[in-house]
Amino acid sequence: MIDLKIIRENPELVKATCKKRGCDVDIDALAALDREHREALGKAEGLRAERNRLSKECQTNPDARVKVKDMKEELASLEERSAVLAKEIDEKLSWLPNLIDDAVPQGETDADNQEIRKVGKLPEFSFQPKDHQELGEILGIIDAARGAKVAQAGFYYWKGKGAQLCQALFYWTQMELIKRGFTLFMTPCVAKEHTLYGTGYLPFFADQTYALKNEDLALIGTSEQTLVGYHADEILEGEQLPLCYTAYTPCFRTESGSYGKASRGIFRVHQFHKVEQIIFCKPEDSVKYHEFCLENEEYLLQQLGLPYHVVNVCLGDMGAPGYRKFDIEAWFPGFNAYREVTSNTNLTDFQSGRLKIRYKDKDGGKGFVHTISATAVTDRVAIAILENYQQADGSVVIPEVLRPFTGFDKIEPAK
RNA sequence: GGAGGGAUGGUCGAGUGGUUUAAGGCAGCGGUCUUGAAAACCGCCGGGGCUACGGCUCCCGUGGGUUCAAAUCCCACUCCCUCCGCCA
């Protein structure tokens, strides 16, 4: 949430940001509403002060009672005016995107993202590599047809050693993050509208959420929603920051409007599974912890032996709540391309402002915390493993680090 | 699902229409005393908004209502707890 103070003090900055991000909220009109609101509020408060004073006289002076009674109507209309304006302002404010780091490149789509570095050697195959859909069928470990039968197209089963591979990946990742100072959570998989609003998923991505009928609840699109919402309306002790949280949850997204986008196999689906990194920190530290999360992501991919590149995500490919974002795209031999596996966003005070997550230092420092939201791993990493570690006969070798958790070192084709 | 109880500042807890500008305890912070610590004593000690920086105003689960005046009375809702039933 953009603070009204910024709009008062530096409206040009906010206007420029809106223009860049394609937000059509009229900032001048918003500033005018703000002035009007504060004026009404000031008048109402002055009147109320007068009323409170007279009220005290009422016991001894019957005339005061008449006077106060006369003020009632005026006060009520000022209060109503002020409430209506406040609501209008909030509505407009909720649509404003976050400010943007100067380092964010111009551009419309992921094609305009800038490569920062490329890591790892691309695998060489003496045969035509298969994509994960084909491998999943050969190995009998991915079943999208039955996912569609039982649920809907876009849902799927991991089965047998494929399911074991995923669980090993997720468990190993959680252990690695715990070693790096993260606290592990198991969170609700539903959240109320206020939480989705507060984390910036509403109103911007309303068509992506699965809302529950007759409930003020939706299935979570990511544990970011439940982990960041965890500290809503709290004031954190400055000295306990940063708080580093992780959780493994399913993530539900309708993906409406994205048909045909890299949709082969289970790359883009309605339910996936993710280990998340969330950090709450002081504003001056968010750049540092944004990098910290990126290092963790890179460490995990390196340990898994997956080639990838890091990209500096451009304006158009970054959601409205983001201030700066790094994606990692792993190499997928089946696609013959780098494809997004993790996404790491510095949200600055966008979420904390909406959710009222503040901090207070002993020496008097206070304000909204900054939040970092970053993927650790998802199912997509598992399918990158399938595609990168495939053998000529369709079998897949398990990366070294996961073997203690899978209990096997290879998945063989089903008979 | 049935029955009952409850929601006040970091926490405990007083407060049933106007000396409450929310008492008091605990925790916390600063100080006095002390070789140091403890104890004792003194002071500070929730949050938002506005400010001519003197203050003003709002917040006692949420939303309405009654009243000159609501933490306090009325209505609705939400959440929590206890017991019973069912149960992963």
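Just so it is clear: chains get the letters A, B, ... in the order the sequence lines come, proteins before strands, and each one is counted from 1. Model, not experiment: these values are computed from the prediction.
- Taking side-chain N and O atoms only, Arg8(A) has a distance below 4.0 Å to OP1 or OP2 of rC50(B).
- The distance between the ring centers of His290(A) and Phe326(A) falls below 6.0 angstrom.
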Exercise for review: Could you give me the CA-CA distance, side-chain angles and deciding distance for Val401(A) and Trp172(A), then say whether side-chain contact (heavy atoms from CB on, under 4.5 Å) is met?
Suggested key: CA-CA 8 Å; Val401(A) 291; Trp172(A) 168 76; 3.8 Å; yes

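- Here rU57(B) is the nucleotide among rU57(B), rG47(B), rC68(B) with the atom lying nearest to any side-chain atom of Glu45(A).
- Between the C1' atoms of rU19(B) and rU51(B), the separation comes to 29 Å (whole Å).
- Taking only side-chain atoms of Asn52(A), from C-beta outward, the nucleotide of rA69(B), rC58(B), rC50(B) with the closest atom is rC58(B).
- Atom P of nucleotide rG63(B) and atom CD of Glu79(A) are separated by 13 Å, given to the nearest angstrom.
- Rounded to whole Å, the distance from CG on Asp90(A) to C1' on rG48(B) is 13 Å.
- Nearest nucleotide to the side chain of Ala49(A), out of rG47(B), rA69(B), rC56(B): rC56(B).
- Taken to the nearest 0.5 Å, the CD atom of Glu134(A) stands 10.0 Å off from the CD atom of Glu387(A).
- Across the P atoms, rC81(B) and rU72(B) are found 25 Å apart, a figure rounded to whole Å.
- Look at the P atom in both rU32(B) and rU82(B): the space between them is 48 Å, to the nearest Å.
- In terms of position along RNA chain B, the nucleotide closest to Gly46(A) lies nearer the 5' end than the nucleotide closest to the other residue of the pair Val66(A) and Gly46(A).
- Leu54(A) places its CG atom 12 Å from the P atom of rU57(B), with the value rounded to the nearest Å.
- In this structure, rC56(B) and rG49(B) make a Watson-Crick or G-U wobble pair, each of the two defining distances being under 3.5 angstrom.
- Atom C1' of rU8(B) sits at a distance of 15 Å from the matching atom of rG25(B), rounded to the whole Å.
- When rounded to the nearest whole Å, the span between CZ of Arg35(A) and C1' of rU51(B) equals 18 Å.
- In this entry the base of rG54(B) is syn relative to its sugar, with a glycosidic angle within 90° of 0.
- A side chain to side chain donor-acceptor pair (under 3.5 Å) with Thr342(A) is found for exactly one of Glu297(A), Glu329(A), Arg380(A), namely Glu297(A).
- More than 12 heavy-atom neighbours from other residues, nucleotides or ligands sit within 6.0 angstrom of CD on Glu50(A).
- The CD1-C1' distance, from Ile89(A) to rG49(B), rounds to 12 Å in whole Å.
- Phosphate contact (OP1/OP2 of rG48(B), side-chain N/O of Arg358(A), threshold under 4.0 Å): present.
- Taking a pair to require two hydrogen-bonding distances under 3.5 Å in either a Watson-Crick or a G-U wobble arrangement, rU78(B) pairs with rA7(B).
- Of the candidates rU51(B), rA69(B), rG47(B), the closest approach to any side-chain atom of Lys72(A) belongs to rA69(B).
- Checking the phosphate oxygens (OP1, OP2) of rG18(B), no side-chain nitrogen or oxygen of Lys56(A) falls inside 4.0 Å.
- Note on ring orientation: taking the six-membered ring where Trp is involved, the planes of Tyr201(A) and Phe205(A) are tilted (angle from 30° to 60°).
- rC74(B) and rG5(B) have their P atoms separated by 15 Å, given to the nearest Å.
- Between Lys360(A) atom NZ and rG9(B) atom C1' there is a gap of 11 Å when expressed in whole angstrom units.
- Here rA37(B) sits opposite no nucleotide as a Watson-Crick or G-U wobble pair (both hydrogen-bonding atom distances under 3.5 Å).
- Summarising the geometry, the separation between CD on Glu39(A) and P on rU51(B) is reported as 13 Å, rounded to the nearest angstrom.
- Spacing between atom CG of Asp233(A) and atom P of rC79(B) amounts to 16 Å, rounded to whole angstrom units.
- The side chain of Arg48(A) approaches rC58(B) more closely than any other nucleotide in the set rC68(B), rC58(B), rC56(B).
- Base-pair partner of rG28(B): rC44(B) (Watson-Crick or G-U wobble, both distances under 3.5 Å).
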Practice item. Please report the C-alpha distance between Glu39(A) and Arg35(A) in whole Å, then the side-chain angles of each, then the deciding distance to 0.1 Å, and finally whether the salt bridge (Lys or Arg N to Asp or Glu O under 4.0 Å) criterion is met. Key: CA-CA 6 Å; Glu39(A) 196 189 320; Arg35(A) 278 193 297 276; over 6 Å; no

